[in-house]
Amino acid sequence: MTSDGGIKIPSRLPLLLSHEGVLLPGSTVRFSVDSPRNMQLVSQRLLRGTSLKSTIIGVIPNTRDPEHDTDDLPTLHKIGTAGIAVQVVGSNWPKPHYSLLITGLCRFRVSSLLKERPFVLAEVEQLDKLDQYTTPATEGAAAEDEELGELSKKFYQAAVQLLGMLDMSVPVVAKFRRLLDSLPRETLPDVVASMIRTSNKEKLQVLDAVSLEERFKKALPMLTKQIEGLKLLQKTRKMNPDNEKRVLSVRKGGVFPGRQFNLDGEDEEEDGDDAVALEKKVHGANMPDAALRVCLKELKRLKKMPQSMPEYALTRNYLDLMVELPWSKSTKDCLDIRAARTLLDNDHYAMDKLKRRVLEYLAVRQLKTSLKGPILCFVGPPGVGKTSVGRSIARTLGREFHRIALGGVCDQSDIRGHRRTYVGSMPGRIINGLKTVGVNNPVFLLDEVDKLGKSLQGDPAAALLEVLDPEQNHSFTDHYLNVAFDLSQVLFIATANTTATIPPALLDRMEVLQVPGYTQEERVEIAHRHLIPNQLEQHGLTPQQLHIPQETTQDIISRYTREAGVRSLERKIGAICRAVAVKVAEGHRVTKTEDLIPESPTQQGGKTLSSLSLCVIIRAGTFKHKYNQNTMANIETIKYCIQYIVKIVDQVTVLILPPAIYTSTYNGRVIREFLQMTRLIAV
């Protein structure tokens with residue numbers, strides 16, 4: 001490899017065919033290898049070789065390796081770059097392939113092909129001096145003529161001008177400056193063309209320029225183009241001072257000396273401007289001094305850390321979370337007690353104890369603005385509205401609302417978060433909730449706090465002790481953040497069905513408010529105020545299509561629902577709405593009541609079944625009558641059904657029958673005949 005004329009490359013080189021990038025002397029490029037001939041070159045030459053000579057290969061640009069080994073070899077590009085493979089990485093997913101990191105050495109010309117299989121081997125002619133990249137600038141070999149010297153000087157000045165427009169604090173720029181001063185000037189076109197943002201076609205023109213003069217002429221316009229682009233970018237930044245951007249952006253996976261300069265505006269915002277933008281966000285987050293010191297320390301580490309390190313992403317995610325947390329952002333409370341009372345009364349019927357407690361909190365807040373948020377615990381049977389009243393309290397106060405479901409939680413990390421030393425660590429639900437709402441004084445609903453579990457991962461109920469203690473939660477420390485966060489302005493509302501399963505220490509930190517079940521009169525009022533209008537809206541019905549009297553609602557409550565809340569009542573009303581919706585959708589209509597009145601009764605002292613249907617539709621279950629048992633023996637069964645009639649204004653009627661009515665075949669037959677003649681619906 002050595003001779004009197006300097007360092008020489010082998011005269012026979014295996015060729016790597018590439019159509020993706022262009023390797024220039026003095027640059028480093030990563031190539032992905034998955035074609036048959038290139039795979040054979042790696043496996044038989046690079047992986048089996050034991051000498052330095054075996055790692056030198058030729059890279060032919062602008063040439064695609066055929067997908068099959070039996071296909072003919074395409075025409076090779078005449079000029080290539082000899083390079084040394086400094087890294088080989090293999091993988092079997094999604095298919096077998098290699099990743100090669102190759103540093104360019106010098107140009108060569110393909111003289112002849114020696115063989116095409118299993119990989120391409122060719123006789124080559126070296127075109128550049130290999131030692132020019134290791135010789136100091138003061139020891140250049142040949143004297144330059146006048147024209148070449150002028151081009152070299154002009155190119156050097158343009159490169160210095162480009163460096164003056166870039167940020168010298170960036171390591172890549174500083175390294176570019178050192179290369180500019182140390183390398184011979186005849187190597188500058190290759191090095192600069194590989195570092196600035198250029199297309200493969202432009203790089204190919206520089207590679208094909210064998211003479212040094214032609215090389216300078218090809219690379220100088222590219223350098224001038226970058227300078228003009230930077231000037232335009234700086235001019236735009238001066239016109240828009242609010243949208244400040246740094247000029248330099250560093251793109252991943254670049255070339256020698258390891259990166260590429262990206263002067264494109266869009267990529268600049270993503271990469272090069274990251275550290276500055278993040279630092280501005282850290283200073284603008286108004287976080288406490290302790291948290292600010294931690295963030296600045298992590299930011300300093302992030303700037304020195306390569307993006308390829310796994311810890312880079314972890315540190316960046318941590319800083320993003322610290323910036324997004326509402327350290328000083330809060331909403332202004334609505335302290336109008338009259339408006340709050342009206343809103344609570346409109347949202348919920350009864351619950352006087354809970355409403356009175358909220359109004360007391362508002363009254364104290366008017367007198368003392370620095371009041372800590374209370375820790376309330378609503379204890380009551382299911383379905384009485386504990387969760388929904390929490391939403392109403394948030395609307396009354398004008399605060400953000402966030403619900404945290406604690407049923408079945410058995411890991412304390414769900415509350416306190418994971419330490420950042422673990423893989424996949426994340427903050428706890430409290431910190432995540434604050435990040436979601438974006439303010440530091442929301443209403444947090446800790447739902448089903450009596451159903452917390454316990455496991456080997458710790459006791460979440462014990463982790464809640466610090467959260468729900470007004471004397472401690474002003475400095476709540478999440479394991480992921482590792483800095484204190486003030487939770488004293490958060491209004492915590494816990495819900496439970498019983499206090500028997502809540503640990504005494506946790507129960508002692510909460511103000512327990514018992515929520516009793518509703519009486520029958522309260523359930524009737526709730527049904528007509530909230531449940532029926534809600535179900536009508538959900539099923540696409542209007543009040544003109546369905547009207548349920550209070551007497552019918554009372555019968556549904558007393559005969560079909562036996563609960564403290566109103567969930568079963570809502571389901572029964574939904575069943576009625578669905579049955580009516582089917583008939584309305586089918587277009588069923590009953591003739592007007594006037595058409596149902598017979599001209600004369602057919603039975604003396606009694607009523608026919610047709611006249612009975614008229615009375616049922618008109619009176620809607622309140623028809624009081626005397627029947628002649630001689631004319632209709634089964635009238636007692638029908639009388640039993642009348643009290644379950646629900647009237648529909650557009651002449652469709654629903655008959656709600658209890659299961660006991662079908663206990664005998666006789667009753668069932670009578671009811672079926674009754675429904676057929678009166679055009680009713682049984683559910």
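Bear in mind the structure is a predicted one, so any value in this text is a computation, not a measurement.
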Asks: Starting at CD1 of Ile415, measure out to CG of Leu464 and round the result to the nearest 0.5 Å.
Replies: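 Ile415 CD1 to Leu464 CG: 4.5 Å, rounded to 0.5 Å.
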Asks: State plainly whether the residues Arg509 and Asp469 are in salt-bridge range, i.e. N to O under 4.0 Å.
Replies: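 Salt bridge present between Arg509 and Asp469.
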Asks: Is the number of heavy atoms from other residues, nucleotides or ligands under 6.0 Å of Arg419 CZ greater than 12?
Replies: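 Open.
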Asks: Start with the C-alpha distance between Gln535 and Glu570, add both sets of side-chain angles, then the distance that settles side-chain hydrogen bond (donor to acceptor under 3.5 Å, both in side chains), and finish with yes or no.
Replies: CA-CA 8 Å; Gln535 289 296 321; Glu570 187 174 13; 3.2 Å; yes
Asks: Would you compute the distance between atom OG of Ser413 and atom CD of Gln457 and round it to the nearest 0.5 angstrom?
Replies: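 The distance works out to 8.0 Å.
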Asks: Please name the pair of heavy atoms, one in Ala494 and one in Val449, separated by the smallest distance, quoted to 0.1 Å.
Replies: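 It is CB-CG1, 4.0 Å.
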Asks: Using the six-membered ring wherever Trp is involved, compare the ring planes of Phe444 and His402 and label them parallel, tilted or perpendicular (cut-offs 30° and 60°).
Replies: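 Judged by the thresholds at 30° and 60°, the geometry between Phe444 and His402 is tilted.
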Asks: Would you check if Thr495 and Leu446 make a side-chain contact, meaning some heavy-atom pair closer than 4.5 Å?
Replies: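 Not in contact.
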Asks: Between Trp327 (side chain only) and Met322 (backbone N and O only), is there a donor and an acceptor less than 3.5 Å apart?
Replies: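 Yes, Trp327 side chain to Met322 backbone: donor-acceptor pair under 3.5 Å.
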Asks: List the steps and the verdict of ring pair (Phe, Tyr, Trp, His ring centres under 6.0 Å) for Phe476 and Phe485.
Replies: CA-CA 5 Å; Phe476 170 72; Phe485 194 95; 8.3 Å; no
Asks: Are any of the side-chain heavy atoms of Ile556 and Ile576 separated by less than 4.5 Å?
Replies: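 Yes; the side chains approach each other to less than 4.5 Å.
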Asks: If you look at every heavy atom in Lys386 and Pro382, which pair is closest and at what distance?
Replies: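 Lys386 and Pro382 have their closest heavy atoms at NZ-CA, 4.1 Å.
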Asks: Would Lys372 and Asn473 satisfy side-chain hydrogen bond (donor to acceptor under 3.5 Å, both in side chains), going step by step from the backbone distance to the final call?
Replies: CA-CA 10 Å; Lys372 295 181 179 180; Asn473 62 7; over 6 Å; no
Asks: Do Leu491 and Ile393 have side-chain heavy atoms sitting under 4.5 Å apart?
Replies: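 Side chain of Leu491 against side chain of Ile393, heavy atoms only: contact under 4.5 Å found.
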Asks: Work out which heavy atom in Ser328 is nearest to a heavy atom in Ala285; give both atom names and the distance.
Replies: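 Distance-wise, the nearest heavy atoms are OG-O, 4.0 Å.
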Asks: Decide whether Asn441 and Thr331 meet the rule of one side-chain donor and one side-chain acceptor closer than 3.5 Å.
Replies: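 A donor-acceptor contact under 3.5 Å links the two side chains.
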Asks: Does Asn497 use its side chain to pair, donor to acceptor, with the backbone of Gly380 at less than 3.5 Å?
Replies: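 Checking the backbone N and O of Gly380 against the side chain of Asn497, a donor-acceptor pair under 3.5 Å is found.
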Asks: Please determine if Arg416 and Glu466 form a salt bridge, counting it only when a charged side-chain N lies under 4.0 Å from a carboxylate O.
Replies: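 Salt bridge between Arg416 and Glu466, a charged N being under 4.0 Å from a carboxylate O: yes.
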Asks: Would the distance check show the side chain of Tyr560 and the main-chain N or O of Lys572 forming a donor-acceptor pair, the cut-off being under 3.5 Å?
Replies: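 Looks like no, no N/O pair under 3.5 Å.
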Asks: Does the side chain of Lys353 come within less than 4.5 Å of Leu513's, by heavy atoms?
Replies: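 Yes - at least one pair of side-chain heavy atoms lies under 4.5 Å apart.
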Asks: How long is the straight-line distance from CD1 of Ile430 back to CG of Leu487, given to the nearest 0.5 Å?
Replies: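 Reported to 0.5 Å precision, the distance equals 7.0 Å.
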Asks: Roughly how far, to the nearest 0.5 Å, is NZ of Lys355 from CE of Met351?
Replies: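 Between atom CE of Met351 and atom NZ of Lys355 there are 8.5 Å.
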Asks: Minimum heavy-atom separation for Arg399 to Tyr361, with atom names?
Replies: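 Scanning both residues completely, I find the closest heavy atoms to be NH2-OH, 3.1 Å.
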Asks: Donor-acceptor check, side chain of Ser558 to backbone of Gln554, threshold 3.5 angstrom: yes or no?
Replies: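 Pair found, side chain donor or acceptor close to backbone of Gln554.
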Asks: Answer with yes or no whether the side chains of Ser392 and His348 bring together a donor and an acceptor at under 3.5 Å.
Replies: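 The answer is yes; a qualifying pair exists.
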Asks: Determine, using ring centers only, whether Tyr480 and His418 are less than 6.0 Å apart.
Replies: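 No, they do not, as the ring centres are separated by 6.0 Å or more.
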Asks: Taking atom types as modelled, find out whether Thr561 and Glu563 have a side-chain donor-acceptor pair closer than 3.5 angstrom.
Replies: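 Short answer, no.
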Asks: Just checking, any donor-acceptor pair under 3.5 angstrom between side chains of Ser388 and Arg391?
Replies: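 The criterion, which ignores hydrogens and geometry beyond distance, is not satisfied for Arg391 and Ser388.
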Asks: Heavy-atom distance under 4.5 Å between the side chains of Gln514 and Phe378, does that happen here?
Replies: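 The answer is no, as the side chains (C-beta and beyond) never meet within the 4.5 Å cut-off.
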Asks: Look at Arg316 together with Asp320 and state whether they make a salt bridge at an N to O cut-off of under 4.0 Å.
Replies: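 Looking at Asp320 together with Arg316, the answer is yes, because their closest N to O distance falls below 4.0 Å.
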Asks: Given the rule in the salt bridge (Lys or Arg N to Asp or Glu O under 4.0 Å) test, do Arg420 and Glu298 qualify, once you have shown the distances and angles that lead to the verdict?
Replies: CA-CA 13 Å; Arg420 286 193 291 138; Glu298 293 294 328; 3.7 Å; yes
Asks: What's the spacing between Leu319 CG and Cys295 SG if we round to 0.5 Å?
Replies: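 Reported value, rounded in 0.5 Å steps: 5.5 Å.
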Asks: What's the shortest heavy-atom distance between Ala394 and Glu400, and which atoms?
Replies: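 So the minimum-distance heavy-atom pair works out to CB-O, 4.4 Å.
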Asks: Are any of the side-chain heavy atoms of Pro442 and Val490 separated by less than 4.5 Å?
Replies: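 Yes - at least one pair of side-chain heavy atoms lies under 4.5 Å apart.
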